[in-house]
Amino acid sequence: MKLLQQILDHNKDFVENKRYEEFATTKFPDKRMVILTCMDTRLLELLPKAINVANGDVKIIKNAGALVAHPFGSIMRSILVAVYQLQADEVFVIGHHDCGMSAIKPELVIEEMKKRGVDESAFETLAYSGINVEEFLKGFSSVSESVAHSADMIKKHPLMPKDVPVHGLVINPETGKLDLVVDGYGQ
């Protein structure tokens, strides 16, 4: 059976048996916070348990590396919407040790893209358009520096209210231990 069909079969049973009822909440976070974190599979359940949040407590935004790569991209827009429309009063950037974005090699990703059918002409068009694909795919060398940079970018964003604390932390994906990088109250 294909993955999509497995998901649809499970969903049908989930809805028919009203298992969604235990997750009922509003769109406003009870703990009035928004978290930017990594999409790493190890954090799916570990991170909420390690910081004592449950369904309905927080807004969570995930991407590769917990990065704010562009000040006017979708990540920053989501954070601003959470603050201005969804009652989030604090922002947490939570990266993690052993992050794949710290080891990513853009040239290997590009090589894999070509193997999977992306034509060389696509890269030529992007380069002609001013897009450096290697730079676009680039990760970071230090998770703490990356978290601090993203927190700083959020805090200094021209549309971010000055009274919103922006914190930066790094979590151990094996133990859940948090290391403080940026204390947003001290900014």
Side-chain angles (χ1 to χ4, degrees), residues 3-97 99-101 143 146-173 175-187:
L3 185 57
L4 175 60
Q5 193 57 53
Q6 290 173 8
I7 290 170
L8 292 172
D9 290 347
H10 174 83
N11 180 256
K12 183 175 186 252
D13 179 67
F14 180 85
V15 173
E16 286 175 355
N17 290 299
K18 297 185 178 187
R19 291 197 311 242
Y20 55 83
E21 290 176 345
E22 69 180 284
F23 302 104
T25 187
T26 71
K27 65 181 178 179
F28 301 105
D30 292 337
K31 293 194 176 179
R32 300 179 71 98
M33 60 194 276
V34 58
I35 297 171
L36 168 61
T37 193
C38 186
M39 64 184 193
D40 190 291
T41 56
R42 296 171 291 179
L43 302 182
L44 185 65
E45 292 187 47
L46 177 68
L47 177 62
K49 298 289 187 212
I51 64 172
N52 192 32
V53 297
N55 194 54
D57 283 346
V58 301
K59 293 294 184 187
I60 297 183
I61 303 163
K62 292 185 172 203
N63 72 1
L67 294 169
V68 179
H70 192 285
F72 292 96
S74 64
I75 297 298
M76 194 63 220
R77 179 181 59 227
S78 296
I79 292 168
L80 291 168
V81 167
V83 168
Y84 284 107
Q85 293 292 298
L86 301 172
Q87 302 175 356
D89 293 332
E90 300 192 32
V91 179
F92 290 74
V93 177
I94 305 178
H96 67 93
H97 296 291
C99 183
M101 287 302 287
V143 68
S146 177
V147 164
H149 179 265
S150 288
D152 190 56
M153 188 180 291
I154 295 165
K155 183 65 180 174
K156 291 180 178 172
H157 195 279
L159 301 177
M160 179 60 67
K162 301 300 177 219
D163 63 340
V164 172
V166 180
H167 312 284
L169 300 108
V170 178
I171 190 170
N172 180 317
T175 66
K177 181 185 180 299
L178 292 170
D179 298 318
L180 182 63
V181 176
V182 176
D183 178 347
Y185 300 130
Q187 294 175 324

So, does Lys27 use its side chain to make a donor-acceptor pair with the main chain of Gly56 at under 3.5 Å? no

Taking atom NE2 of His157 and atom NZ of Lys162, what is their separation to the nearest 0.5 Å? 10.0 Å

Apply side chain to side chain contact (heavy atoms under 4.5 Å, CB included) to Ile35 and Ile51, showing your working. CA-CA 11 Å; Ile35 297 171; Ile51 64 172; 3.5 Å; yes

Please report the interatomic distance CD1(Ile154) to CD1(Ile79), rounded to the nearest 0.5 Å. 3.5 Å

Taking it one step at a time, do Leu47 and His96 satisfy side chain to side chain contact (heavy atoms under 4.5 Å, CB included)? CA-CA 10 Å; Leu47 177 62; His96 67 93; over 6 Å; no

Residue pair Met76, Leu159: steps toward the side chain to side chain contact (heavy atoms under 4.5 Å, CB included) verdict: CA-CA 10 Å; Met76 194 63 220; Leu159 301 177; over 6 Å; no

State the CD1-CG distance between Ile75 and Leu80, to the nearest 0.5 angstrom. 11.5 Å

Check the pair Val164 / Val91 against side chain to side chain contact (heavy atoms under 4.5 Å, CB included), numbers first and verdict last. CA-CA 7 Å; Val164 172; Val91 179; 3.9 Å; yes

Solution key, residues 18-25 side-chain donor-acceptor pairs under 3.5 Å, sequence neighbours excluded:
residue : atom : partner : partner atom : Å
Arg19   : NH1  : Asp13   : OD2          : 2.7
Arg19   : NH2  : Asp13   : OD2          : 3.4

His167 vs Phe92 aromatic rings, parallel, tilted or perpendicular, using cut-offs 30° and 60°? tilted

Can you confirm whether more than 12 heavy atoms, excluding those of His97, are under 6.0 Å from its NE2 atom? yes

Using a cut-off of 6.0 Å, state whether more than 12 heavy atoms not belonging to Gln5 lie near its atom CD. yes

If you look at every heavy atom in Tyr84 and Met160, which pair is closest and at what distance? OH-C, 4.1 Å

Closest approach of Leu43 to Pro48 (non-hydrogen atoms, all atoms of both residues): O-CD, 3.6 Å

Is a salt bridge present between Glu16 and Lys12, judged by a nitrogen-to-oxygen distance below 4.0 Å? yes

Using residues 60-71 as the side-chain source, report each donor-acceptor pair under 3.5 Å to any protein atom, sequence neighbours left out, with the distance given to one decimal.
residue : atom : partner : partner atom : Å
Asn63   : OD1  : Ala66   : N            : 3.0
Asn63   : OD1  : Leu67   : N            : 3.0
Asn63   : ND2  : Leu67   : O            : 2.8
His70   : ND1  : Phe72   : N            : 2.9

Gly95 versus Val147, closest heavy-atom pair with distance: N-CG2, 3.6 Å

Atom CG of Asp9 and atom CG of Leu4: how far apart are they, to the nearest 0.5 Å? 9.5 Å

What is the minimum heavy-atom distance between Leu86 and Pro29, and which atoms define it? O-CD, 2.8 Å

Atom CG of Leu169 and atom CG of Leu180: how far apart are they, to the nearest 0.5 Å? 5.5 Å

I'd like to know if the side chain of Lys31 reaches the main chain of Asn52, judged simply by a donor and an acceptor atom lying under 3.5 Å from each other, with no hydrogens or angles considered. yes

Mind listing the closest non-hydrogen atom pair of Phe28 and Gln85 along with its distance? CE2-O, 3.5 Å

Which atom names give the shortest non-hydrogen contact between Ala54 and Asp57, and what distance separates them? N-OD2, 2.7 Å

How far does CZ of Arg32 sit from CD of Gln87, to the nearest 0.5 angstrom? 4.5 Å

